[in-house]
Amino acid sequence: MTVAAAVRTRLELDRRRRIRAGGLLLVALAALITLELSLNTVGAFPETWRIPLAEWINEARRWVISNQTTHALFLVVLNPISDTIDYSLRWVEAALLWVPWYVVVAATGMLATSILGIKGGLLTGVGVMYFGSVGLWEESVQTLALMGVAVVIAVAIGVPLGIWGARRERVERALRPLLDAMQTLPAFVYLIPVVLLFGIARVPAIIATVIYALPPVIRLTTLGIRSVESSTVEAAEMFGATPGQILRKVQLPQAMPTILTGINQTIMMALSIVVIAALIGAGGLGQVVLESLRRLFVGRALEAGLAIVVLAMIMDRLTHGAAGLGAGKGRLRFFPDRYTGSEWVRRIEAVPEGIDRIIRGIGQAIAYPFAAARRSFSRSGRESAPERHPRRVLGGTILVAALVFGTTREGPEFPSAVAFSFAGPVDSLVDWVGKNLYQIGESWIGTGPFSDFVTIYAVTPLREFFSSTLAWPVVVIAVILAGWWFGGPGLATLGGACAVGLGLLGMWTLSMDTLAQVIVAVILAIALGIPLGVLSSRSNRFERLLKPVLDFLQTIPSFVILVPVIILFNVGRIPGIIASVLYALPAATRLTSLGIRRVSAEATEAARAFGATKSQILRKVQLPLAMPTIIAGINQTVMLVLAMVVIAGLVGGGGLGLETVRGLRRSDSVGSGFAAGLAIVLLAMILDRLLQAWARRISPPSRG
């Protein structure tokens, strides 16, 4: 069969399938409407069926409080763990605050220079200076200490587990479902059970961060060790190496770049939970963001949010460079290659090289006495370490001198000459936006009319429809039918059980509120993402222009997106929805572009040979064939929107997110917060499994 005939046959089969699916859908809708009309007085889930999980959790919390100093579980296990973590955190924090600020700046800049080159070192030093310049030095040190302790614990647990999993297939199979669950559950889900056992303080924040950030280092350690060539291991065995020697001298060194990549991902995940962990008393920059958002000090929240972004960028670049993945050391270039022939350009770019020669000369001079003493006592012809690394000698000397000078006298405060703040201008901008952009003149243009339109005509009707108008049995049956249609009886049972679970937890109305917000956010994200993905797939120039925007939205911490959104829309449900759209937009855009670009050229050429226009090729060939990938993008969009539910609750988003935030903030609401978090997990499972089954159903059959 020719390619043209195959395309024609596929399109005809798709048309018939759509007709059959449409007929069955109409029948199912008619049945559901009939059922709804017969149950129009049922309404929301019966309150009498509710499982008192919140009360049980609150009772357990009271038991924990009353037995913390007497029960063996706390005296032998939990309290020693808590005390050890607390002592480590206080020690690291005190050590970092004891070191003068200029020593920290210099040490970080030198470390970055040795890994990333001069340009990376300069940018890193400027980034560290930013923390003190905006008056957030102590908070930044607290965040760094918390994150550092959490990452060390995660690495200390994750690397041995990864090694164990790499050497024992049974262990890896046992760890896989646990790691899958840890990676897919929203971050805030870990906080509530930890709060139940350890209370509200920095220790439970560290424990929750460790749990959230642990999977990458375990997975990539296992992957790195298993990726070592078997011939290399066999060669070591032939030389009589023991398994321990093979691990230490062969597998770990060769797997180190992959392991460092896992540590990099662990650091990034630890930073991404900083603000959420501040809900339970983590302190640091996250606490500044929370308090500023709570008081609507948008400028201060933006300063602290950018400090977290800068910290994340520094840690990301350093760990990437250490793993050999980033731009390594090299000559500092100020100008594009086309200007390198100019004499004045060569002179400018020769300045850093001249400075580097001076630095090496000073370092060699400092190292000369040590090198001479070593040669007088040793007949080895090899150069000593100080001779091989004169830059490190000079850097170490400067750091030691600065440390001694700074700690033997009253340490100077961060210099006011480099202090600045843009919180005032940002707050003024917020006031200006509220007065001038909320509604422009007498028109329907502005953030206010847009917010009112989405609220009145989308969010509120959907919320009322799901929570009040639509009877709960109809919702459950609709989920069961969708599960049966896409995945069979197993998915139907799982979906129905999760839907009923929302009611049994007493979270039916809040779940329907959240579902309405998720639907609106997903529709907006798809309405923006799919057209952008189509344009990106058809124009390389547009893709290059769009890439930095999507990279920024994908890497910036989710809560930072709230700050500019609050500037435009104030607080409420709409800022949470808009922030969710921005956070989820890269997934919808990139997977749409990827799906269309992966459509075979033969199919496109065959449609063009039949005289199809570009629009017809897109609608009838590329989009249908790319639909499985696009559905995967929609699935990721839904999951990312749900991940923003609690973040949106910080600014009055309502629904399950706001209930979870209350549970984390108030000790007497831990039970309801736990139930709300569990309801978010059930809602995520329903949407995730249905979308995955839909993607599998419309995927083309595999060849061969």
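- Shown here are the salt bridge (Lys or Arg N to Asp or Glu O under 4.0 Å) partners of R689, two or more places apart in sequence or in another chain: there are none.
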Exercise for review: Test Y457 against D452 for side-chain contact (heavy atoms from CB on, under 4.5 Å), laying out the working first.
Suggested key: CA-CA 8 Å; Y457 295 103; D452 294 341; over 6 Å; no

Which pairs would a plain distance check flag for residues 521-533, meaning a side-chain donor or acceptor within less than 3.5 Å of a matching protein atom at least two apart in sequence or in another chain?
none

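- A donor-acceptor pair is defined here as one N or O able to donate and one able to accept, closer than 3.5 Å; such a pair exists between the side chain of T143 and the backbone of L285.
- Under the salt bridge (Lys or Arg N to Asp or Glu O under 4.0 Å) criterion, R608 pairs with E605, sequence neighbours left out.
- Between R573 and V520 there is no side-chain heavy-atom pair separated by less than 4.5 Å.
- Between R597 and E543 there is a salt bridge, since at least one side-chain N of the basic residue sits less than 4.0 Å from a carboxylate O of the acidic one.
- With a 4.5 Å cut-off on side-chain heavy atoms, W485 and L481 do not count as touching.
- Note that CD of E659 is 5.5 Å distant from CG of L510, once rounded to the nearest 0.5 Å.
- Residues that satisfy the side chain to side chain contact (heavy atoms under 4.5 Å, CB included) test with D431, not counting sequence neighbours, are absent from this structure.
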In residues 296-306, what donor-acceptor pairs under 3.5 Å come from side-chain atoms, sequence neighbours left out?
unit_1: R300; atom_1: NH1; unit_2: V134; atom_2: O; d: 2.8
unit_1: R300; atom_1: NH1; unit_2: E303; atom_2: OE1; d: 2.7
unit_1: R300; atom_1: NH2; unit_2: G135; atom_2: O; d: 3.4
unit_1: E303; atom_1: OE2; unit_2: S421; atom_2: OG; d: 2.7
unit_1: E303; atom_1: OE2; unit_2: F422; atom_2: N; d: 3.0
unit_1: E303; atom_1: OE2; unit_2: A423; atom_2: N; d: 3.2

Practice item. Starting from the C-alpha separation in whole Å, work towards a yes-or-no answer on side-chain contact (heavy atoms from CB on, under 4.5 Å) for D688 and V638. Key: CA-CA 8 Å; D688 179 54; V638 172; over 6 Å; no

**Study point:** Verdict with reasoning, L214 to M269, per side-chain contact (heavy atoms from CB on, under 4.5 Å)
**Key:** CA-CA 9 Å; L214 194 58; M269 294 184 72; over 6 Å; no

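- L136 places none of its side-chain heavy atoms less than 4.5 Å from the side chain of Y130.
- In this structure K547 satisfies the salt bridge (Lys or Arg N to Asp or Glu O under 4.0 Å) test together with D551, sequence neighbours excluded.
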